Amino acid sequence: MTYYGPDYASLQQQDPEIAGVLVDELTRLRSGLQLIASENFTSPAVLAALGSTLSNKYAEGYPGRRYYGGCEVVDVAETIGIQRAKDLFGAEHANLQPHSGASANLAVYGAFLKPGDTVLAMSLPHGGHLTHGSKVSFSGKWFNAVHYGVAKDTEDIDYDQMRALAREHRPKMIIAGGSAIPRTIDFAAFREVADEVGAVFMVDAAHFIGLVAGGAIPSPVPYADVVTFTTHKVLRGPRGGALVCKADHAAALDKAVFPMMQGGPLMQAVAAKAVNFRECATPEYAAYARQVIANAQALTEALAAEGMRPVTGGTDTHLALLDLQGIGVSGKDAEERCGRAGIVLNKNAIPYDPQPPSVASGIRVGSPSVTTQGMVEGDMKEIATLIARAVRDEDGSAAEEVRRGVQALVDAHPAYPQPSAPPAAL
Ligand code: DSN
């Protein structure tokens, strides 16, 4: 089996145990439907940069301003990557060093807030994120977090509530974005409120930045002071974080990423981000981003036809949240039943969920990975039929049959198809 990484043969020789894990994971990816909305299959080119000797280099600081010698080569990668990010997003400044989305968010708190300051963000059970003020995260332990949610009738962001809370609490920072928001966000409305109360406006675009890169949905960049994101979701780059911001905030944010929150950057990841941004600037990627949305919409409609109610009535993005109360199945059971049939998705709280998050009344599904595999709307209908079969399969008697359906789909659209020539070792 081909493994997409440099010098796999020597790893196999030196450490067959871990080499085996790499192959097993590739087999897992190829033998199931990957519907986790925050995952994707990055390219062999990105994997080559990730598995390179750039991993060896200490490069604390920024291009041309490092605390170590010998950075002249990695400087080239970071400089190219920063320019590509600025070009791709029309941004005034970019920082590619955050190790993750949570690290990027931590840096923004560090740049603009002091412990005890108030931040206004989307509540986690309504689709927000741990780093937006959850009590179990630094953001809720060290800052005074106030949360807006979704309106009960529309299940979309309650902009009136957000405005009222901003007027009442005068937050230092307002955050838009989250992990389970199926609709596009009205960034202009947030900007207006932030200006009214004198708050910094941060957008956590981790989930949807890939759709922005492909021009498939509106960009938060013109509206926000800072936009943080991960590079591994729809964007399809390496696992990691990044941020783009207005020039006025560049120095504060750079200092907050390093040295305030992080030490040496992962230069192999920075280079891989640069590779990814180049890929994202192509017409092929723009077509991919549009297809991600078309597929998510087709999947959502087909799941609705199977009795699973889409929260907000549908999706504008890459993900959907399905309320399973109407079919009497919990999110937890649905996740487990799908898992045994080779369908990988996650249970998810729905707004105003009567169940605890560990059980949840919903599931979240996303189309980034299956779209990378080349699946289209017709395949989404088939996936919905398989999901519907699996979630109702209480005793597991249908699992094998569903698994065969899954295998037929992924065999027709393999993840990481065999290349005509093996990737060159570095
Ligand atoms: N865990 C990510 C997600 O699945 O959305 C967010 O950090």
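All figures in this text were calculated on a predicted structure; none of them were measured in a lab. Atoms within a ligand are numbered from 1 in the order they appear, just like the ligands themselves.
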### Message
Which of the numbered atoms in ligand 1 are under 4.0 angstrom from any heavy atom belonging to Ser38?
### Response
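Close to Ser38: 3 (C), 4 (O), 5 (O).
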### Message
Applying side chain to side chain donor-acceptor pair (under 3.5 Å) to His249 and His93, what does each step give before you reach the verdict?
### Response
CA-CA 9 Å; His249 302 311; His93 180 71; over 6 Å; no
### Query
Out of Lys233, His129, Glu39, His207, whose heavy atom is nearest to atom 7 (O) of ligand 1?
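Answer by nearest heavy atom: His129.
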#### Entry: Heavy-atom neighbours of Lys332 NZ exceed 12 at 6.0 Å
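No, because the 6.0 Å sphere around NZ of Lys332 holds 12 heavy atoms or fewer from other groups.
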### Nearest protein heavy atom under 4.0 Å from atom 5 (O) of ligand 1, yes or no
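So atom 5 (O) of ligand 1 has protein heavy-atom neighbours under 4.0 Å.
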### Query
Aromatic rings Phe190 and Tyr159: how do their planes relate, parallel, tilted or perpendicular, breaks at 30° and 60°?
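Perpendicular: the ring planes of Phe190 and Tyr159 meet at over 60°.
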### Task
Check whether the ring centres of Phe229 and Phe208 lie less than 6.0 Å apart, and answer yes or no.
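No - the distance between ring centres of Phe229 and Phe208 does not fall below the 6.0 Å cut-off.
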### Query
Which bit of Arg364 gets closer than 4.0 Å to ligand 1, counting heavy atoms only: side chain, backbone, both or neither?
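Side chain only; the backbone of Arg364 stays clear of ligand 1.
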